[in-house]
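First up is the structure itself, then whatever we jot down about it.
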Amino acid sequence: MIKAITGTKDILPVDISKWHYLEKLLRETFQFFNYKEIRTPIFEETALFARGIGEETDIVSKEMYTFKDRSETSITLRPENTAGVVRSFIEQSLGAQQSLNKLYYIGPMFRQERPQAGRLRQFHQFGAEVLGSTSPLLDAEMIQVAYHILKNLGLKNLVVKINSLGIPEVRENYKNILRDYLKDKKDNLSEESRKRFETNILRIFDSKIEVDQTIMKNAPLLIDYLDEESKNDFEVVKNYLAKVGIPFEVDPALVRGLDYYTKTTFEIVSGSVGAQSALCGGGRYDLLVEELGGKATPGVGFAAGMERILLACENEKSLNLPQDSIDVYLIRVDSKEPLKCES
RNA sequence: GUGAGCGUAGCUCAGUUGGUUAGAGCACCAGGUUGUGGCCCUGGGGGUCGUGGGUUCAAUUCCCAUCGCUCACCCCA
């Protein structure tokens, strides 16, 4: 028997009403915040993701579905959609038509990881990208839109985490500071963290191992070394969130796994979905458009996992779906007479 | 890629300290009953016990391998 590929799932008629419900809410919400839908191909040239997301990231180095087509072009099934949207933005000169583009998308993504609760190889994300403004108010709007959607689904067990990674120079400078701090403590770190010391020093903050955590507790924080602009922007984001009543936590250890982020990053996690708790993640990427060959254009965006969100809804029993029932059922009484239908 | 747990009927699961024809509920099929195709009654079909090998007189049960599922690690939505 031929079975579905590992990590892929059929969405059956019994479950489809949940998806329709979610999709309807998404379209209504994005329309309310004045976002336009964009649909880009589910596969792109491999180079787009390698350059956009970063060669050294886990996504690019070990999770992509990459293959050669019949003309020997290296193709990759999109593992996320920011790179694709930015590619389209550049290729179609969307920035030349209006200075600010507010876009959203809904669709399948692909990553070849080991499946587990809340993780699939083909999964669905919705997300938004705003291209053409450096305003931190839009960073906050991203969080507001995502939070609004999750709240509207009745989810309760949510935490909004925010951080700022600053501009690249600041981050490089900070890495040196962190390296100095850890230099003489390095031998006490776990093996994993010693490896990270060389490859991606910021990730040592993520370690769950106790020895690492005690060492990192007193480590200097990136957030204390931010440039003036990043610091001010971060304040604006926090003030805006407070003003619109969205509770948040500043998490200096929030380092996202994609290379393109600058300044604000954020995540919304749920306690209702098992180990893979991030429902939504995003941040600002002011250098990506230029990096991919377009005219320098600032951007900010987020993506959210739809299976994870529906799983959280399921576990919290937060969805009140209308009963799936028929409205009218016609039965023939006389089988001899042909059925006549008049309006 | 690493680790742990689990693979028995279409579905949910019993069961076997190794021993005759492997069970239940639901679903399905047929008949009965009935002014619905519902309820009820009777009967029936359906399983290479994930796959391959090993140990044994004998394996669904024990051992090994393999595949699949689930959860966790890494990382992420």
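Naming convention: chains lettered A, B, ... in sequence-line order (proteins, then strands); numbering from 1 in each chain. Side chains are part of it too, since the values below use all heavy atoms of this structure and drop only hydrogens, waters and symmetry mates.
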Out of [options], whichever nucleotide has its closest atom nearest the side chain of [X]:
| X | options | value |
| --- | --- | --- |
| A:Ala117 | B:C71, B:C73, B:C69 | B:C71 |
| A:Phe123 | B:A77, B:G68, B:A72 | B:A77 |
| A:Gln276 | B:A77, B:U70, B:C73 | B:C73 |
| A:Lys9 | B:G68, B:U70, B:C73 | B:U70 |
| A:Ala303 | B:A77, B:G68, B:C71 | B:A77 |

Taking the side chain as everything from C-beta on, heavy atoms only, tell me whether A:Glu113 gets closer than 4.5 Å to A:Lys62. no

Heavy-atom side-chain contact between A:Ile143 and A:Phe248 under 4.5 Å: no

Take atom [atom1] of [X] and atom [atom2] of [N], then tell me their distance rounded to the nearest Å.
| X | N | atom1 | atom2 | value |
| --- | --- | --- | --- | --- |
| A:Phe49 | B:C76 | CZ | P | 17 Å |
| A:Met64 | B:C76 | CE | P | 15 Å |
| A:Gln116 | B:C6 | CD | C1' | 17 Å |
| A:Tyr261 | B:A77 | OH | C1' | 10 Å |
| A:Asn315 | B:C71 | CG | P | 11 Å |
| A:Ile59 | B:C76 | CD1 | C1' | 6 Å |
| A:Phe302 | B:A77 | CZ | P | 12 Å |
| A:Gln112 | B:G1 | CD | P | 8 Å |

Indicate, with a heavy-atom threshold strictly under 4.0 Å, whether [X] touches base, sugar-phosphate, or nothing.
| X | result |
| --- | --- |
| A:Thr6 | sugar-phosphate |
| A:Gly127 | nothing |
| A:Leu120 | base |
| A:Glu113 | base |

Paired with [N] by Watson-Crick or G-U wobble geometry, both distances under 3.5 Å: which nucleotide is it?
| N | value |
| --- | --- |
| B:A4 | B:U70 |
| B:G43 | B:C29 |
| B:G52 | B:C64 |
| B:G35 | none |
| B:A24 | B:U12 |

Presence of donor-acceptor pair under 3.5 Å, side chain of A:Arg114 and base of B:C71: no

Using the [atom1] atom as the reference point in each nucleotide, state the distance between [N] and [M] in Å, no decimals.
| N | M | atom1 | answer |
| --- | --- | --- | --- |
| B:A30 | B:U20 | C1' | 31 Å |
| B:G15 | B:A24 | C1' | 11 Å |
| B:U12 | B:C6 | C1' | 15 Å |
| B:C49 | B:A14 | C1' | 13 Å |
| B:U51 | B:G47 | P | 13 Å |
| B:C28 | B:G19 | P | 35 Å |
| B:U17 | B:U21 | C1' | 23 Å |
| B:U66 | B:G10 | C1' | 26 Å |

Distance-only donor-acceptor check, side chains [X] and [Y], under 3.5 Å:
| X | Y | result |
| --- | --- | --- |
| A:Thr76 | A:Thr66 | yes |
| A:Tyr285 | A:Glu291 | no |
| A:Gln98 | A:Asn101 | yes |

Nearest-nucleotide wise, let me know which of A:Ala275 and A:Leu258 is further upstream toward the 5' end of RNA chain B. A:Ala275

Let me spell it out: for each of A:Val273 and A:Arg111, pick the nucleotide of RNA chain B with the closest heavy atom. Which residue's pick is nearer the 5' end? A:Val273

Kindly confirm or rule out a cation-pi arrangement of A:Lys102 over A:Tyr104, judged by NZ or CZ under 6.0 Å from the six-membered ring centre and within 45° of its axis? no

Using every non-hydrogen atom in the two residues, find where A:Gly166 and A:Ser230 come nearest and quote the distance to one decimal. CA-OG, 3.4 Å

